[in-house]
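One structure is given below, encoded as structure tokens.
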Amino acid sequence: MIIDDTLREGLQAPGISFTVEEKIELAKLISNAGVDEAIVSHPSAHESEVEVTRIIVERNYFKYVFGLGRALKEDIDLIASTGANISTYIPFEPQLVNKSLDVIKYAVNTYGKGKLIIEVGITNITAYELSNIVKLAKTLEELGVDRIQLADSLGKATPKLMYNIVNNVKHTVKIPVSVHCHNDMGAAVANSISSVYAGADYVDATIYGIGERNGIADLATIAMILRNDSYRINIDFEKLRDAYNYLAKLIIDKIDIEFFRNNFPVFGNNISIQTAGTHAAYPGVFKEVGYSLNVYVGRSTLRKVLSELGISLNDQELLMLMRKIKDTAVRTGRAVTYDQLLRLINEIKGELHGS
Ligand SMILES: CC(=O)SCCNC(=O)CCNC(=O)[C@H](O)C(C)(C)COP(=O)(O)OP(=O)(O)OC[C@H]1O[C@@H](n2cnc3c(N)ncnc32)[C@H](O)[C@@H]1OP(=O)(O)O
Ligand SMILES: CC(C)C(=O)C(=O)O
């Protein structure tokens, strides 16, 4: 019932970056605690994400391993090549919904129907009318998708709203429903639990709740609440503590203990910091945004950062910069600072123009 998303969503937390070895150690500790499903990567972001996924699949840490990817044929094929199950997401942009349904059809026909699990996320659900969420869920079921994920991507939903959405979807489709709740207002745990009361079959959670901006639901909290409510939760909390201790050490070493204060809802600074490339245009509730640069960076984010810095790069230079940031973050296990960014830009100018 609980799906760990620390290795993917967690890697979107402000200031975070993991090496391949750190991701694998986290996966091992989380699986030792009895968590049996995990979303471990976004393979189209970088070859290190492909490598991590293959290793985790080979080592059988989890009963079900998922890779996440855009609703693009190349992302879907790449995930399938690792042996992981496929989690994809409908883009925030309404004009791209139909195009993504064609790709989802491709994913189901090529890899689904009993081979790999195909999960599809309806992202940014608070932007939809309820009737349209229900209609889209029905369409996904008819396409042969195995699971539907309802994502409150910007952390705007309340427990009452999540209950209502999940309840309506569950009365419409027979396939399992998972939820993914962000914590900008501090409602991620309450929203996840109210979704379970409304019939959600799965809940995404991360160690310390880390993720994009100030993250999603905290795994240990969700597990404790559901266990107290007599749901079957096979988590060994003593072993789970090892995963928490390991991640706390990484955060303190790489960032600062201040991360935990900044990660608080409402007033925490992390709420206004973005990492994931594909939704650079959707900053959450704050207009002023900061950026965290790691393996999940994309060109839309870089264009915004460069424009803030008053730097202009051509397409080739931008692509090289994206690649260098990703490589550096994975190699060092640390997000790339703005000072490093300026050095990387100089390096590129030197490589291309010999200056
Ligand atoms: C809500 C969430 O958290 S979803 C998880 C998001 N996670 C991430 O984005 C992390 C990984 N991302 C990355 O590494 C980079 O974004 C990459 C390598 C995948 C892509 O980088 P870039 O090609 O530079 O694109 P960029 O990051 O600017 O993203 C915008 C592009 O993604 C497309 N896109 C966004 N979401 C989706 C989606 N669900 N399905 C299909 N296409 C999508 C946009 O339409 C846009 O395409 P365009 O450039 O052809 O106009
Ligand atoms: C990929 C999806 C589930 C996501 O992270 C979000 O919408 O917040």
Side-chain angles (χ1 to χ4, degrees), residues 3 5-13 16-17 39 41-50 66-76 78-79 86-104 106-107 119-128 147-157 178-184 188 191-192 202-206 210-217 274-284 291-306 315 318-323 325-327 329-330:
I3 302 179
D5 203 358
T6 309
L7 276 68
R8 192 286 301 182
E9 178 70 57
L11 186 43
Q12 292 176 216
I16 276 286
S17 178
I39 305 167
S41 59
H42 194 296
S44 64
H46 194 255
E47 59 273 15
S48 62
E49 290 285 276
V50 176
F66 287 84
L68 180 72
R70 294 166 298 176
L72 295 179
K73 198 168 166 293
E74 60 263 34
D75 281 29
I76 303 291
L78 194 57
I79 298 169
I86 296 167
S87 182
T88 186
Y89 50 101
I90 293 179
F92 284 23
E93 291 84 359
Q95 74 277 12
L96 293 178
V97 172
N98 285 337
K99 195 169 154 226
S100 58
L101 291 178
D102 287 342
V103 178
I104 289 161
Y106 165 80
E119 177 185 72
V120 177
I122 305 177
T123 56
N124 204 15
I125 46 168
T126 55
Y128 289 78
R147 292 184 191 174
I148 291 167
Q149 185 183 57
L150 301 170
D152 177 27
S153 311
L154 299 182
K156 290 181 174 176
S178 69
V179 293
H180 179 99
C181 302
H182 275 270
N183 202 33
D184 302 56
N191 286 350
S192 304
Y202 299 96
V203 172
D204 283 357
T206 62
I210 66 167
E212 184 78 22
R213 302 183 309 283
N214 75 327
I216 62 168
Q274 277 193 290
T275 306
T278 62
H279 59 93
Y282 297 87
Y291 299 96
S292 177
L293 305 175
N294 73 6
V295 70
Y296 286 164
V297 76
R299 279 167 293 177
S300 314
T301 299
L302 285 178
R303 281 189 200 101
K304 284 166 189 271
V305 171
L306 294 173
D315 288 351
L318 195 65
L319 207 56
M320 285 173 77
L321 183 61
M322 177 168 78
R323 154 62 55 181
I325 291 171
K326 285 173 185 273
D327 290 348
V330 175

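Throughout, residue positions are numbered sequentially from 1 according to the sequence presented. As the structure lists them, so they are numbered: ligands from 1, and atoms in each ligand from 1.
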Quiz question: by atom type and distance under 3.5 Å, do the side chains of Glu119 and Ser178 form a donor-acceptor pair? yes
If we only consider heavy atoms of Arg303, is any one of them less than 4.0 Å away from an atom in ligand 1? no
Heavy atom of the protein closest to atom 15 (C) of ligand 1 (residue, atom name, distance): Val297 O, 3.5 Å
Student check: side-chain heavy atoms of His182 and Lys156 closer than 4.5 Å: no
Please write down residue, atom name and distance for the protein heavy atom closest to atom 12 (N) of ligand 1. Tyr296 O, 3.6 Å
Looking at atom 47 (O) of ligand 1, tell me if a protein heavy atom falls under 4.0 Å from it. no
Is atom 41 (C) of ligand 1 less than 4.0 angstrom from at least one protein heavy atom? yes
Tell me, which protein residue and heavy-atom name are nearest atom 4 (C) of ligand 2, and how many Å apart are they? His180 NE2, 3.5 Å
For Arg8 and ligand 2, does the shortest N/O to N/O distance drop below 3.5 Å? yes
Tell me, which protein residue and heavy-atom name are nearest atom 2 (C) of ligand 2, and how many Å apart are they? Thr123 CG2, 4.0 Å
Which ligand 1 atoms does Val295 reach within 4.0 Å, using its non-hydrogen atoms? 14 (O)
Is the closest N or O pair between Thr123 and ligand 1 shorter than 3.5 Å? no
Taking the side chain as C-beta and beyond, is there a heavy-atom pair between Leu11 and Glu49 under 4.5 Å? yes
Among all the protein's non-hydrogen atoms, which is closest to atom 3 (C) of ligand 2, and how far away is it? Gln149 OE1, 2.9 Å
Please report whether atom 26 (P) of ligand 1 has a protein non-hydrogen atom at a separation of less than 4.0 Å. yes
Just checking, Arg147 and Tyr202: is the charged tip under 6.0 Å from the six-membered ring centre and within 45° of the axis? yes
Would you mind checking which non-hydrogen protein atom is closest to atom 8 (O) of ligand 2, with the distance to 0.1 Å? His182 NE2, 3.0 Å
With only distance considered, is Glu9 within less than 3.5 Å of ligand 2 through an N or O on each side? yes
Atom CD1 of Ile216 and atom CD1 of Ile210: how far apart are they, to the nearest 0.5 Å? 9.5 Å
Closer than 4.0 Å: a protein non-hydrogen atom to atom 6 (C) of ligand 1: yes
Rounded to the nearest 0.5 Å, the OH atom of Tyr296 sits from the CG atom of Leu68 at a distance of 7.5 Å
Does the protein place a non-hydrogen atom closer than 4.0 angstrom to atom 50 (O) of ligand 1? no
When you compare the side chain of Asp184 with that of Leu154, does any pair of heavy atoms fall below 4.5 Å? no
Sub-3.5 Å N/O-N/O distance, Lys326 and ligand 1: yes
Hey, is atom 31 (C) of ligand 1 under 4.0 Å from any protein heavy atom? no
Test your reading of the structure: does Thr301 have an N or O sitting under 3.5 Å from an N or O of ligand 1? no
If you have a sec, work out which protein heavy atom is nearest atom 1 (C) of ligand 2 and how many Å separate them, to one decimal? Leu68 CD2, 3.7 Å
For atom 39 (N) of ligand 1, the protein heavy atom that lies nearest, with its residue and separation: Tyr89 O, 2.7 Å
Just to confirm my output: which protein heavy-atom neighbour is closest to atom 8 (C) of ligand 1, and how far is it? Ala276 CB, 3.6 Å
Check the pair Tyr89, Val120 against side-chain contact (heavy atoms from CB on, under 4.5 Å), reporting the backbone distance first and the verdict last. CA-CA 5 Å; Tyr89 50 101; Val120 177; over 6 Å; no
Distance-only N or O hit between ligand 1 and Thr278, under 3.5 Å: yes
Output the distance between atom CD1 (Ile3) and atom OG (Ser87), rounded to the nearest 0.5 Å. 8.0 Å
Per-atom contacts of ligand 1 with Leu96, taking only distances under 4.0 Å to non-hydrogen atoms: 45 (O)
Ranked by distance from atom 38 (C) of ligand 1, the top protein heavy atom is Pro91 CG, 3.5 Å
re atom 3 (O) of ligand 1, the protein heavy-atom contact at minimum distance is His279 NE2, 3.0 Å
Do me a favour and list the nearest non-hydrogen protein atom to atom 23 (O) of ligand 1 with residue, atom name and distance? Arg299 NH2, 2.8 Å
Would you say Leu318 and Leu306 make side-chain contact, with heavy atoms under 4.5 Å? yes
Spacing of Asn294 atom CG and His46 atom NE2 [to the nearest 0.5 Å]: 11.0 Å
Ala71-ligand 1 polar pair, N/O distance under 3.5 Å: yes
Tell me, do Val50 and Leu78 make a side-chain contact under 4.5 Å, heavy atoms counted? yes
Is His42 close enough to touch ligand 1? Criterion: a residue heavy atom under 4.0 Å from a ligand atom. yes
Taking 4.0 angstrom as the limit and counting only heavy atoms of Arg8, give me the atoms of ligand 1 inside it, by number and element. 3 (O), 5 (C)
Per-residue contact class, Gln12 against ligand 1 - non-hydrogen pairs under 4.0 Å: side chain
Considering non-hydrogen atoms of the protein only, which is the closest contact for atom 19 (C) of ligand 1, and what is the distance? Arg70 CZ, 3.6 Å
Just one of Thr123, Asp152, Asp204 clears the side-chain hydrogen bond (donor to acceptor under 3.5 Å, both in side chains) bar with His180, so which one? Asp204
Please state which protein non-hydrogen atom is closest to atom 6 (C) of ligand 2 and give its distance, to 0.1 Å? Ser153 OG, 3.4 Å
Here's a test for you: under side-chain hydrogen bond (donor to acceptor under 3.5 Å, both in side chains), which of Asp75, Thr88, Thr278 qualifies with Arg70? Asp75
Record the part of His46 in heavy-atom contact with ligand 1 below 4.0 Å; permitted values are side chain, backbone, both and neither. neither
Here the atoms of ligand 1 under 4.0 Å from any heavy atom belonging to Ser300 are 26 (P), 28 (O), 29 (O), 30 (C)
Taking distance alone, with no angle check, do Asp204 and ligand 2 share an N/O pair under 3.5 Å? no
